[in-house]
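Here is the naming used below: chain letters follow the sequence lines, and residue numbers restart at 1 for every chain.
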There are 2 protein chains.
Amino acid sequence: MAPKAEDRRVKRTRKLLRDALLDLMLEKGYEAVTVQTIVDRANVGRSTFYAHFLDKRDLLESGHEQLRSALSREQPAAPGLLAFSLPMFRHAQANHRLYRSLVVKGGGAAVTEMAQRTIADLVQGELAALLPPGATPPVPLELVVLHVVSSFLALLQWWLDHNMPHQPEEMDRLFRALVMPSLTALGWAP
Amino acid sequence: MAPKAEDRRVKRTRKLLRDALLDLMLEKGYEAVTVQTIVDRANVGRSTFYAHFLDKRDLLESGHEQLRSALSREQPAAPGLLAFSLPMFRHAQANHRLYRSLVVKGGGAAVTEMAQRTIADLVQGELAALLPPGATPPVPLELVVLHVVSSFLALLQWWLDHNMPHQPEEMDRLFRALVMPSLTALGWAP
DNA sequence: TCAATAAAAGACAATGTGTCCAATTGCTCA
DNA sequence: TGAGCAATTGGACACATTGTCTTTTATTGA
């Protein structure tokens, strides 16, 4: 079905607002951005904003939706353990402006939590699948996931914060060097 | 020198405000707390607040100062690698109300950064000392530190979030199980 | 008791929020 | 093309919060 004109109009408005938010986040960080400045920057009426989103947080999350779907769309099912790592570093490089806004300049707790949850789901699935059924690992799966995800996010943030001084492949190598030995020791086959 | 009465009065007021902030942070998280609710809870005049602190953030940081000094006062120099771990889990247990306010309910980026920096200093010192001089580790020290600290904080946060279901000793064991194998593999002696 | 200091009370201008409505624009389809 | 509809606008609204001031009220040490 062809998108109706209204759809296009709405889509454009929403995009304007999302872009404005990203712009402003890059400049001053999420917390400091107000709805007022967003609509000013986007050249959109204040009421229009509230016609589309509940509040600033809602707008941010709609952006995250986009990111999430873009990511899963581009995520080539890489084989092996921690498959998400390299594709995500690549995706972060390709969209570093977006990632910087979100991860670095402090999307604040809001964004960090979303990222945490998204990646945790991936890791959880991977590790659970590789766990011999019935086996009880010496460290609860939940904590292993937490450990892996927080390490990955820390690395990603550092990388973006330092203007990506390495290639994604190198970051992936570093991540694995930091994480894999422990995983192996805890019972996940090499 | 005996504290003058004025001093005591001031001290009491500041403590009332700090405690009120912690209370409220536990209830709704840092972001949601307003100066107004703080002074209401503390039964302190609004102007008095501004006589003592610049703003909410300033009050929060004054609390962190306290925490930091308390920590270094109680930190018994434990031997071995990652010596900070067990004492800090213990300290967190002994002061869980304080830790919960700060770490869990989201002191927001502010607190997290402060904690990150504090612990990173400890870890950095430890690891650098154990590094064979002249050796170039396969992963830069900076990143190893990042990895260790973010993992530790994630564990600590999880523990507090779940009402400390294990003893500090068990948490220390889990932390080491997650981190040590990789450190060993990267050249830090077992 | 008195002078000094701390705190309280409350007014103030700014700024932001979220809601509402009336008027306008732009698009589609008949 | 033009009627009708949906999206958008602009602005007013009530409300909350911030940070600054000034004036009054206590507390306390000398």
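Taking each heavy atom of Met25(A) and Tyr30(A) in turn, the nearest pair found is CG-CA, 3.8 Å.
When rounded to the nearest whole Å, the span between CG of Asp40(A) and C1' of dT15(C) equals 13 Å. Distance, Arg12(B) CZ to dT28(D) C1': 14 Å, rounded to whole Å. Rounded to an integer number of Å, the gap from CZ of Phe49(B) to P of dA6(C) is 18 Å. Taking atom CD of residue Gln36(A) and atom P of nucleotide dA16(D), one finds them 20 Å apart after rounding to whole Å. Taking atom NZ of residue Lys56(A) and atom P of nucleotide dT17(C), one finds them 7 Å apart after rounding to whole Å. Protein atom CZ of Arg9(A) is 14 Å distant from nucleotide atom P of dC5(D), rounded to whole Å. Remark: P of dA7(C) and CG of Leu16(B) are 10 Å apart, rounded to the nearest angstrom. One can place CG of Asp58(A) at 13 Å from C1' of dG18(C), the figure rounded to the nearest angstrom.
In this model, the phosphate group of dT20(D) is not approached by any side-chain N or O of Tyr50(B) to a distance below 4.0 Å at OP1 or OP2. At the phosphate of dG29(D), OP1 or OP2 sits under 4.0 Å from a side-chain N or O atom of Arg8(B). Contact annotation: His52(B) side-chain N/O to dA6(C) OP1/OP2 distance is not under 4.0 Å. Side-chain nitrogen and oxygen atoms of Thr13(B) include at least one within less than 4.0 Å of the OP1 or OP2 phosphate oxygen of dA7(C).
Checked against the 6.0 Å centroid criterion, the rings of His96(B) and His91(B) do not qualify as a close aromatic pair. You'll find the ring centres of Phe89(B) and Phe152(B) inside the 6.0 Å limit.
Distances from the side chain of Thr34(A) to the nucleotides dA8(C), dT18(D), dT17(C) place dT17(C) closest.
Each of Val35(A) and Arg14(B) was matched to the nucleotide of DNA chain C holding its nearest heavy atom; the match closer to the 5' end belongs to Arg14(B).
Side-chain atoms of Arg46(A) and base atoms of dG18(C) include a donor and an acceptor less than 3.5 Å apart.
Between the side chains of Trp159(B) and Gln93(B), no donor-acceptor pair of N or O atoms lies under 3.5 Å.
If you check every strand for non-hydrogen atoms under 4.0 Å, Ser47(B) touches a base.
Note on ring orientation: taking the six-membered ring where Trp is involved, the planes of Trp158(A) and His166(A) are parallel (angle under 30°, cut-offs 30° and 60°).
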